[in-house]
Amino acid sequence: MDDRTVVYSTYYNPMEANIIKAKLEDSGFACFLADENVSTIQPLYNQAIGGVKLIVFERDVEAINALLAEDNSLDFESTDEITGEGKSAEGKTVCEKCGSTNVGYGMATDKKYSLWATILAFLTFTTPIKANKCHHCYDCGYEFE
Ligand SMILES: [Zn+2]
């Protein structure tokens, strides 16, 4: 049996991660979050450990890709997605502060989740969209354009 797991994606926003997790579980996919508790209690520490990781079984990755893609039938940019080896570093953006390449572009690299983030923002009266419009260094927490 192939029970290997992979990091499907990493979320800077723990709430976003929980939304995706709930969605996958609703559809029958086993998954869990790593570092969730730490990041929820101490958001600053979250930046140091690289956010909340969504772990799934490798065998489910393609089906999950298809499932999540369905949510975004209007988003034509969500086709070049994860291939099964977890999320590769998008581009070679370098942190302006510490020089790390462990840099994400927030929602911009996970555009297919923007609808959920919007819903979340509405429900919680927060503005995650705004926070996601810049690069974020997972090593030192520095954010820049
Ligand atoms: Zn940095």
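In this chain, residues are counted from 1 in sequence order. For ligands, and for the atoms within them, numbers begin at 1 and follow the listed sequence.
The tally of protein N/O/S atoms under 2.8 Å from the Zn ion (ligand 1) stands at 4.
Between V52 and E16, the closest side-chain pair of non-hydrogen atoms is not below 4.5 Å.
The side-chain contact (heavy atoms from CB on, under 4.5 Å) test with L54 singles out one residue from T10, L24, V7, and that residue is L24.
Side-chain contact, Y8 with N65: a donor N or O sits under 3.5 Å from an acceptor N or O.
Among residues two or more places apart in sequence or in another chain, the side chain to side chain donor-acceptor pair (under 3.5 Å) test is passed with S100 by D139. With sequence neighbours left out, E25 forms a salt bridge (charged side-chain N to carboxylate O under 4.0 Å, His left out) with K21.
V94 and F144 are not part of a single hydrophobic cluster, where members link through side-chain heavy atoms under 4.5 Å apart.
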